[in-house]
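We count residues from 1, following the sequence as given. In this text, all values refer to a predicted model and were calculated from it rather than measured experimentally.
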Amino acid sequence: MDYFLLTQDWRYRDIPQLEPLSRQLPALKPEFIQPSDLQQPLGLYMQSHEDSEYLDYLDEALPLVSARMMKLWSMYEPHMSFHPVVLMNPELSLQMTYHLAFPAAVNILHEDSEWNADRTLLQHIVLDRSRLPRRKIFKIGESAKPQLVIRLDVAESILRRDMTGITLQKLEIAAPRTVYRAVQPFVE
């Protein structure tokens, strides 16, 4: 089965831009937010224009999905948590509802994966075949930045529904290396 890295399509230029989360959520670190941390819908300010395109997937700071993407993901991962997020632009008197996705984190990287010098950014992702979960949507557990991986059947469903703002990159999958030990000859 093939797996894909799901990212936002950066060819879209006129999309809503979130105000810095450090100012909007000073008590929470975005990469560590859990569903239990959020009791009410989360309101976030954004910059947008009248002609801005509201994509089905935004991953600028948090993995935000549209209602139709959430519905699709829920079909494949019924136990995945989502939390409503209202993107607000007071200048345009505009509010758009998205959903913050909480996919399971899976430690799945193969030793051939490549990081930058300070191990903060994955440069080349290789999945370990022996650790592939039964999940169809998950995030890479070893990465500080949320990096979502989807299985082929989910990717096909997304493409069939003509979702906007997504890029799919096929990921390499490698078998774990087998370590052979030298056998000592029997000496009498």
Side-chain angles (χ1 to χ4, degrees), residues 1-13 15-38 42 44 55-65 69 73 76-77 79-83 85 98-156 158-159 163-181:
M1 185 64 67
D2 292 332
Y3 288 84
F4 297 85
L5 183 67
L6 175 70
T7 56
Q8 180 178 324
D9 187 346
W10 293 103
R11 292 178 295 184
Y12 287 90
R13 297 286 182 205
I15 59 172
Q17 301 292 318
L18 292 177
E19 295 287 335
L21 291 180
S22 58
R23 285 191 302 204
Q24 296 191 67
L25 303 171
L28 298 172
K29 294 234 183 255
E31 60 272 14
F32 299 114
I33 294 176
Q34 295 299 316
S36 59
D37 297 335
L38 307 169
L42 186 59
L44 297 175
L55 309 176
D56 288 301
Y57 182 69
L58 299 170
D59 72 355
E60 177 188 350
L62 299 167
L64 299 176
V65 297
M69 181 82 82
W73 285 15
Y76 286 98
E77 289 289 343
H79 300 293
M80 185 186 297
S81 295
F82 295 91
H83 190 81
V85 175
Y98 275 83
H99 302 274
L100 176 57
F102 291 97
V106 178
N107 291 332
I108 194 163
L109 292 180
H110 188 269
E111 59 193 43
D112 291 343
S113 296
E114 296 173 13
W115 296 83
N116 65 348
D118 62 355
R119 291 189 58 86
T120 57
L121 181 68
L122 273 166
Q123 295 177 323
H124 180 69
I125 298 171
V126 180
L127 303 180
D128 188 329
R129 183 178 310 282
S130 67
R131 296 189 207 168
L132 284 174
R134 295 190 188 276
R135 298 188 178 278
K136 299 176 183 184
I137 304 168
F138 57 91
K139 67 180 176 180
I140 297 174
E142 295 94 335
S143 177
K145 180 183 183 287
Q147 294 192 294
L148 284 113
V149 176
I150 60 174
R151 212 168 69 176
L152 176 62
D153 50 346
V154 179
E156 289 174 340
I158 289 172
L159 294 174
M163 303 269 181
T164 59
I166 60 162
T167 301
L168 299 172
Q169 175 191 343
K170 186 175 179 186
L171 295 175
E172 185 180 335
I173 300 173
R177 293 203 174 113
T178 306
V179 178
Y180 296 100
R181 295 182 185 186

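The side-chain contact (heavy atoms from CB on, under 4.5 Å) search around Q169 returns L5, not counting sequence neighbours. Shown here are the side-chain contact (heavy atoms from CB on, under 4.5 Å) partners of A174, two or more places apart in sequence or in another chain: H110, V126. With sequence neighbours left out, the salt bridge (Lys or Arg N to Asp or Glu O under 4.0 Å) criterion links D59 to no other residue. Residues satisfying the side chain to side chain donor-acceptor pair (under 3.5 Å) criterion with E111, sequence neighbours excluded, are R177. Taking the salt bridge (Lys or Arg N to Asp or Glu O under 4.0 Å) definition, one finds that R13 meets it with nothing, sequence neighbours left out. Listed by chain and residue number, H124 satisfy the side chain to side chain donor-acceptor pair (under 3.5 Å) test with E172 (two or more places apart in sequence, or in another chain). For D153, the salt bridge (Lys or Arg N to Asp or Glu O under 4.0 Å) partners at least two apart in sequence or on another chain are K136, R151. Taking the side chain to side chain donor-acceptor pair (under 3.5 Å) definition, one finds that T167 meets it with nothing, sequence neighbours left out. Among residues two or more places apart in sequence or in another chain, the side chain to side chain donor-acceptor pair (under 3.5 Å) test is passed with D2 by none. Annotation: side-chain contact (heavy atoms from CB on, under 4.5 Å) contacts of L121 (sequence neighbours excluded): N116. With sequence neighbours excluded, the residues that form a salt bridge (Lys or Arg N to Asp or Glu O under 4.0 Å) with R131 are D128, E142. For V85, the side-chain contact (heavy atoms from CB on, under 4.5 Å) partners are L42, L44, L64, L87, L100, not counting sequence neighbours.
Shortest non-hydrogen contact noted between K139 and P103 is CE-O, 3.8 Å. Between W115 and Q123, the shortest heavy-atom contact is O-OE1, 3.3 Å. The two residues G141 and A105 make their nearest non-hydrogen contact at CA-CB, 4.0 Å. Scanning all heavy atoms of the two residues, the minimum distance from Y3 to P133 falls at OH-O, 3.8 Å. Pairing each heavy atom of Y57 with each of I166, the nearest pair is CB-CG2, 3.7 Å.
Ring orientation note: the planes of W73 and F82 are tilted relative to one another, at an angle of 30° to 60°.
Distance check, rounded to the nearest 0.5 Å: NE2 of H99 to NE2 of H83 gives 10.5 Å. Taken to the nearest 0.5 Å, the CD1 atom of I150 stands 4.0 Å off from the CD1 atom of I158. Distance check, rounded to the nearest 0.5 Å: CD1 of I108 to CG of L132 gives 4.5 Å. Atom NE2 of H79 and atom CZ of R135 lie 8.5 Å apart (nearest 0.5 Å). Between the CG atom of D9 and the OG1 atom of T164 there is a distance of 9.0 Å, given to the nearest 0.5 Å. Separating the CE atom in M163 from the CG atom in L55 is a distance of 12.0 Å, to the nearest 0.5 Å.
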* Passes side chain to side chain contact (heavy atoms under 4.5 Å, CB included), L168 versus L159? Steps please. -> CA-CA 10 Å; L168 299 172; L159 294 174; 4.0 Å; yes
* For L109 and L122, run side chain to side chain contact (heavy atoms under 4.5 Å, CB included): C-alpha distance rounded to whole Å, both residues' side-chain angles, the deciding distance at 0.1 Å, then the answer. => CA-CA 10 Å; L109 292 180; L122 273 166; 3.8 Å; yes
